[in-house]
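All chains are named by letter (A, B, ...) in the order of the sequence lines, taking the proteins before the strands, and each is independently numbered beginning at 1.
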Protein chains: 2
Amino acid sequence: MAVTLADVAVRAGVSAATVSRVLNGNYPVAGATRNRVLRAVEELEYVVNGPASALAAATSDLVGVLVNDIADPFFGIMAGAVQSEIGEPTAERGGPKLAVVCNTGGSPERELTFLTLLQRQRAAAVVLTGGALEDDAHRVALTGRLGRLESAGARVVLCGRPPLADTDFPAVTFDNREGARRITEHLLTLGHRRLGYLAGPQARTTTRHRLEGHRAALAAAGLAGDAARLTVRGDYGRSAGYAGAVELLAREPELTAIVAANDTVALGACAALRDRGVRIPEDVSVTGFDDLPFAVDATPALTTVRLPLHEAGVRAGKLALGREEPPADGVVTCGGELMVRDSTAPPRDA
Amino acid sequence: MAVTLADVAVRAGVSAATVSRVLNGNYPVAGATRNRVLRAVEELEYVVNGPASALAAATSDLVGVLVNDIADPFFGIMAGAVQSEIGEPTAERGGPKLAVVCNTGGSPERELTFLTLLQRQRAAAVVLTGGALEDDAHRVALTGRLGRLESAGARVVLCGRPPLADTDFPAVTFDNREGARRITEHLLTLGHRRLGYLAGPQARTTTRHRLEGHRAALAAAGLAGDAARLTVRGDYGRSAGYAGAVELLAREPELTAIVAANDTVALGACAALRDRGVRIPEDVSVTGFDDLPFAVDATPALTTVRLPLHEAGVRAGKLALGREEPPADGVVTCGGELMVRDSTAPPRDA
DNA sequence: TTGAAAGCGCTACCAG
DNA sequence: CTGGTAGCGCTTTCAA
């Protein structure tokens, strides 16, 4: 079998307890002893047995990160940020943590399943990223699972979704409502009057908040009447954006602007417009959320709302490790103000 | 503390051993007993203690997936595929495995560090994705680490990189060389004669193979002379593509085509061209590798070589779990033939 | 500052 | 088919 603590102890001529203390560095150990142990570790190529250590210490150095779609750079950026933050050795206790990125695919059942698996691993923390499902049954189930995780000693952090009712898990949030309101207001200021909206999947917090902001801006301009007709729902994928744009044009050929619930959807919409010979942004202006770098590189005419994904991930990582105390209300609003990257054109008949 | 196996055993009126058997399902247990145990598990909301189980069984249900850049959908797609494959309960042993996605950021040191962390967790398998670094010192270090992992009982699978010398780890590979050769040949057939090449980072297998294929096609057409002058190196990011395209245009203003080492680089190149008023594909045709869906949606004029990322991930997952036996030579070439998605224009003076 | 020893919760072997 | 039980390798009191 593999080299164990005991082997190292023998080689260094000390007890197992001492080796453990050296490795964890939480106890005073004489310099000479310490060096002897470290040398033995090197020579034997000793690697700690994580499970054994987790069992004895009743906690592991795994941090679960749940994402809705791992192939979406939106989540990739946040997950990468979380990992880079928790990967740094903590002062207080233990070495670097390992991020376990779990891809729920947006499925509520898988979300719960992963949480169970993470609890089974005795994860030190769990970060739930991206919009949450707004469904009572699921909310109750989720609250239960997270509660059990917490009482098993895991920290729970929400990132990119609002606080969970009846809990006090810290949440790192984006101001989706205001961002959507501002971008629509911006389009209205330019003179657009027939705006289509490509909403995200049903019953998601991000979908609802962004849609609310959009509607609020329309209402303020007295354009609420057409809102429902010019809203198409779909998931957060590009094909939904493609199909949605086609549908919007069918409903309103005189459309001059499209607001999409995220960049991926916006890109799909751009593809549809081009396939139909519509020029962007001269004929129709397209805007999205997220500000994924390649999206605007590929389509410079695409205007997006910048969400500070990386920053959110880092903050979530800090909260997950207890390196940062959450504010009294538990909500960290990330990025302060949303930025609108501006390359939008006025409508052709303005 | 949390509910333990013993608690369940008491509640169900059986021994701990029996509960363990029911939970692992590898042993015959009477139907009635079984039900009683399962009911007790439900009532007590029992969750297996992973570390304890891993310690006793000397193996965990974690599978490590190393990626070079988690924010790049190229890796997201593969990692997602691996996870969906290993997430299904195995017939032979144990429930669903949990994928640990580790973001190396392309750093060789971090690659080694993560492997140590995974060994510490007693990972059941490790999948290394994406191009490998071609550096002797690192290769030796990597071989050593992987060897130790293997002798600790972990399966090792390479995905998107060639087999590792002096080892027999199975490898799922793409035919990068032939793909690059074909796409360049394709451009030559259309009449292009001044082709720029945006190569990936130094000393990566993917970079070298793709460049070799490109050069082979040029050589076959008697155009090898200009190859070195019209090759610019950079990393696999979009800004490298942007800068690279600018550099290429400076070196050769009469350029009619650019081949990029991947889609992300190609998108950066497209952005640069547009910023300089160059039309795509009328003035310059841009091609890339990977065939990331949003890339071609955003830029329909972009032609790419399709790599079957999802399929590769699934195959890697199967190999990692031993659900599929590797062929005799250990190499699974994925996708058979590379496809060129065709929307390339002939050069303006053809 | 160090050692001895008692578990942590589970698996798997050996009886029955 | 089921129970008893000896560890798995580490952490952490409690003494020395």
Side-chain angles (χ1 to χ4, degrees), chain A residues 1-38 40-41 44-62 92-95 119-122 124 152-153, chain B residues 1-38 40-41 44-62 92-95 119-122 124 152-153:
Chain A
M1 265 304 290
V3 179
T4 72
L5 231 202
D7 298 329
V8 176
V10 170
R11 174 107 180 190
V14 299
S15 74
T18 299
V19 177
S20 171
R21 296 198 261 254
V22 169
L23 261 29
N24 291 304
N26 312 325
Y27 273 91
V29 174
T33 318
R34 187 187 160 69
N35 288 347
R36 235 166 341 122
V37 170
L38 291 178
V41 168
L44 266 34
E45 293 183 328
Y46 170 67
V47 175
V48 179
N49 183 319
S53 144
L55 172 58
T59 176
S60 79
D61 48 8
L62 294 178
E92 49 163 61
R93 167 166 202 80
Q119 183 176 352
R120 168 183 306 190
Q121 297 301 331
R122 297 298 183 263
Chain B
M1 263 306 289
V3 179
T4 72
L5 229 200
D7 299 328
V8 176
V10 169
R11 174 109 181 186
V14 298
S15 74
T18 299
V19 177
S20 172
R21 287 173 191 133
V22 170
L23 262 29
N24 291 303
N26 311 325
Y27 236 78
V29 174
T33 317
R34 186 187 160 68
N35 288 346
R36 233 168 340 122
V37 170
L38 291 179
V41 168
L44 265 38
E45 294 185 329
Y46 171 67
V47 175
V48 179
N49 183 318
S53 147
L55 173 58
T59 177
S60 78
D61 48 9
L62 294 178
E92 49 163 63
R93 168 169 199 77
Q119 183 174 352
R120 167 182 306 188
Q121 298 300 331
R122 297 301 184 260

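- Nearer the 5' end of DNA chain D, as judged by each residue's closest nucleotide, is the contact made by A:Thr4, out of A:Tyr27 and A:Thr4.
- As rounded to whole Å, 21 Å separates atom P of D:dC8 from atom CZ of B:Arg120.
- With rounding to whole Å, B:Leu5 atom CG is found 13 Å from C:dC8 atom C1'.
- Contact check, B:Ser20 against C:dT11: a side-chain N or O comes under 4.0 Å of OP1 or OP2.
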Under 3.5 Å, which protein N or O atoms sit close to an N or O of nucleotides 3-5 of chain C? Give each pair with its distance.
unit_1: C:dG3; atom_1: OP2; unit_2: A:Ser15; atom_2: N; d: 2.9
unit_1: C:dG3; atom_1: OP2; unit_2: A:Ser15; atom_2: OG; d: 3.1
unit_1: C:dG3; atom_1: OP2; unit_2: A:Thr18; atom_2: OG1; d: 2.6
unit_1: C:dG3; atom_1: N7; unit_2: A:Arg21; atom_2: NH2; d: 2.7
unit_1: C:dG3; atom_1: O6; unit_2: A:Arg21; atom_2: NH1; d: 3.4
unit_1: C:dG3; atom_1: O6; unit_2: A:Arg21; atom_2: NH2; d: 3.4

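- Residue A:Leu23 contributes atom CG, which lies 12 Å from atom C1' of D:dT11 at whole-angstrom precision.
- The nearest whole Å value for the distance from the CD atom in A:Gln121 to the P atom in C:dG9 is 16 Å.
- For the pair A:Val22 and A:Val41, the minimum side-chain heavy-atom distance is 4.5 Å or more.
- Contacts classified as salt bridge (Lys or Arg N to Asp or Glu O under 4.0 Å) and involving residues 5-22 of chain B (residues at least two apart or in different chains) are given here: B:Arg11-B:Glu43.
- Computed from coordinates, the B:Arg122 CZ to D:dC8 C1' distance equals 11 Å when rounded to whole Å.
- Look at CZ on B:Arg36: it is 11 Å from C1' on D:dT2, rounded to the nearest Å.
- Checking the phosphate oxygens (OP1, OP2) of C:dT11, a side-chain nitrogen or oxygen of B:Ser53 falls inside 4.0 Å.
- Taking only side-chain nitrogens and oxygens, A:Asn49 never comes nearer than 4.0 Å to OP1 or OP2 of D:dC8.
- When the nucleotides D:dC1, D:dC10, D:dT2 are ranked by their closest atom to the side chain of B:Pro28, D:dC1 comes out on top.
- Contacts of B:Ser60 classified as side-chain hydrogen bond (donor to acceptor under 3.5 Å, both in side chains), with partners at least two apart in sequence or in another chain: none.
- One can place CG of A:Leu55 at 9 Å from C1' of C:dG7, the figure rounded to the nearest angstrom.
- Distance check: B:Leu44 CG to B:Leu5 CG gives 11.0 Å after rounding to the nearest 0.5 Å.
- Screening residues 49-58 of chain A for salt bridge (Lys or Arg N to Asp or Glu O under 4.0 Å) gives no qualifying pairs among residues at least two apart or on separate chains.
- Listed by chain and residue number, B:Asp61 satisfy the salt bridge (Lys or Arg N to Asp or Glu O under 4.0 Å) test with A:Arg120 (two or more places apart in sequence, or in another chain).
- Sequence neighbours left out, the pairs with a member in residues 44-54 of chain A that pass salt bridge (Lys or Arg N to Asp or Glu O under 4.0 Å) are A:Glu45-B:Arg148.
- For A:Ala56, the listed nucleotide lying nearest its side chain is D:dT11; candidates were D:dT11, D:dC1, C:dT1.
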